[in-house]
Amino acid sequence: MSLVSRRLLTRLALACLLAAGGAAHAQGTAQAATVTPPPGTMTGAYGQSLQQQAAAPEKPSTATQPAQAKAPAQDAVTRFLSERGLLNSVEQAGSSRLLASVRDTASDLVLSAMNFLGVRYTRGGNSVENGFDCSGFTRHIFEMSVGLVLPRRADEQAKDSSLLSIRKDELKPGDLVFFNTMKRTFSHVGIYVGEGKFIHAPRTGSAVRVEDMRDSYWAKRFTGARRADLKAAAESNTVTR
């Protein structure tokens, strides 16, 4: 075999090896891209938000970002509230009154409620599988998070003697807020989450969502608020278990 032929065969062999290596690398990259993080124990929007953030790669700090390198990373709860308009731009940068409030006594209840964002509205519904109506949603959240069983209907919840009637300017996260949406004083109910916002199951064709009580529609229909002793309910639930 001539020297030229040997050189030609060598070049062809190298070309084949490079092509095979490139194909293997591309296949490995494609497989890595399809890997999803293991499912968490939480369901709903909040649980999915935590999973997505856990799967996201961390950005390395650089010399041009010394302040960010020293500051603690924004936690999952802050991001979740921010993505859904529960924190304004000023609060995202520093101390958040809303974030602080949902981390106290009412934190479990409020964050549990947020976990059901997007669950469809169903008249008479009281479960994730079947959907929720307004009072079915509040009843489910209170029972699931603090073990307090509320009456089934919105007007019955408003008249429950175990709940304290409070003024609008006294609202705290976890309080029940009531509205007249059907020409009845306590025909609709939701859970106050802070900063003038509440979470509720609105109406047929919609889903559990957060809205602003200061919007004209809700402001003129607000009919009252009630507060449960969440600490006592949680402690009693722990003892009975």
Side-chain angles (χ1 to χ4, degrees), residues 43-46 80-81 84-87 98 101-102 105-230 233:
T43 60
Y46 180 56
F80 181 75
L81 297 178
R84 282 150 184 81
L86 298 179
L87 297 179
L98 174 58
S101 65
V102 300
T105 308
S107 62
D108 287 343
L109 188 147
V110 172
L111 293 178
S112 292
M114 289 179 180
N115 188 44
F116 294 96
L117 286 169
V119 175
R120 74 181 185 279
Y121 177 95
T122 301
R123 185 176 181 179
N126 56 10
S127 69
V128 178
E129 295 76 18
N130 299 324
F132 293 110
D133 62 12
C134 66
S135 56
F137 175 66
T138 54
R139 190 174 194 268
H140 180 81
I141 296 303
F142 271 74
E143 183 174 5
M144 178 187 68
S145 60
V146 295
L148 179 61
V149 180
L150 297 173
R152 179 60 181 85
R153 289 170 33 183
D155 60 342
E156 293 173 339
Q157 293 178 10
K159 297 172 184 176
D160 191 329
S161 59
S162 68
L163 303 180
L164 177 66
S165 178
I166 58 172
R167 299 193 311 268
K168 194 174 185 178
D169 59 3
E170 297 175 326
L171 281 171
K172 293 182 179 180
D175 290 340
L176 291 171
V177 287
F178 295 88
F179 304 87
N180 181 349
T181 58
M182 300 175 64
K183 297 183 179 181
R184 296 198 310 270
T185 304
F186 302 114
S187 51
H188 189 71
V189 62
I191 299 172
Y192 187 70
V193 299
E195 297 300 298
K197 296 180 175 65
F198 72 109
I199 184 170
H200 66 140
R203 61 181 181 276
T204 303
S206 187
V208 174
R209 67 189 186 198
V210 172
E211 294 196 67
D212 199 318
M213 291 175 56
R214 295 163 294 191
D215 289 347
S216 60
Y217 178 87
W218 297 110
K220 66 183 181 181
R221 287 172 172 79
F222 177 77
T223 54
R226 302 290 184 269
R227 178 174 299 160
D229 189 339
L230 300 180

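Worth knowing before you read on, the calculation uses all heavy atoms, side chains too, and leaves out hydrogens, waters and symmetry mates.
- For F132 and H140, the ring centers are positioned less than 6.0 Å apart.
- A salt bridge links D133 with R152: the closest approach of a Lys/Arg side-chain nitrogen to an acidic carboxylate oxygen falls below 4.0 angstrom.
- The backbone N or O of Y217 lies less than 3.5 Å from a partner atom in the side chain of R221, making a donor-acceptor pair.
- Across all non-hydrogen atoms, the minimal contact from R227 to E170 is NH2-O, 2.6 Å.
- V189 is listed as a side-chain neighbour of C134, based on a closest heavy-atom distance under 4.5 Å.
- Not counting sequence neighbours, K159 has no partner by the side chain to side chain contact (heavy atoms under 4.5 Å, CB included) test.
- Looking at M114 and V193, their side chains come closer than 4.5 Å, going by heavy atoms from C-beta outward.
- Under the side chain to side chain contact (heavy atoms under 4.5 Å, CB included) criterion, F222 pairs with K168, V177, F179, M213, A225, not counting sequence neighbours.
- Looking only at side-chain heavy atoms (C-beta outward), L230 and L109 come within less than 4.5 Å of each other.
- No side-chain heavy atom of F137 sits less than 4.5 Å from a side-chain heavy atom of V119.
- Residue pairs that meet the side-chain hydrogen bond (donor to acceptor under 3.5 Å, both in side chains) test with at least one member in residues 120-129, sequence neighbours left out, are S127-N130.
- Using a 4.5 Å cut-off on side-chain heavy atoms (C-beta onward), Q157 and R226 make no contact.
- Contacts of R209 classified as side chain to side chain donor-acceptor pair (under 3.5 Å), with partners at least two apart in sequence or in another chain: S206, E211.
- You'll find the side chain of K197 reaches within 4.5 Å of the side chain of R214, heavy atoms only.
- Residues passing the side chain to side chain donor-acceptor pair (under 3.5 Å) test with D229, sequence neighbours excluded: none.
- The two residues A207 and P202 make their nearest non-hydrogen contact at O-CD, 3.0 Å.
- In this structure, T223 contributes its side chain and T185 its backbone to a donor-acceptor pair below 3.5 Å.
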Start with the C-alpha distance between L176 and Y192, add both sets of side-chain angles, then the distance that settles side chain to side chain contact (heavy atoms under 4.5 Å, CB included), and finish with yes or no.
CA-CA 6 Å; L176 291 171; Y192 187 70; over 6 Å; no
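- Contact of the W218 side chain with the T181 side chain is registered, since non-hydrogen atoms from C-beta on lie closer than 4.5 Å.
- In this view, S162 and D160 satisfy the side chain to side chain donor-acceptor pair (under 3.5 Å) rule, not counting sequence neighbours.
- Both tests do not hold together for R184 against F186: distance to the six-membered ring centre under 6.0 Å, angle to the ring axis within 45°.
- The shortest side-chain heavy-atom distance between I191 and F198 does not fall under the 4.5 Å cut-off.
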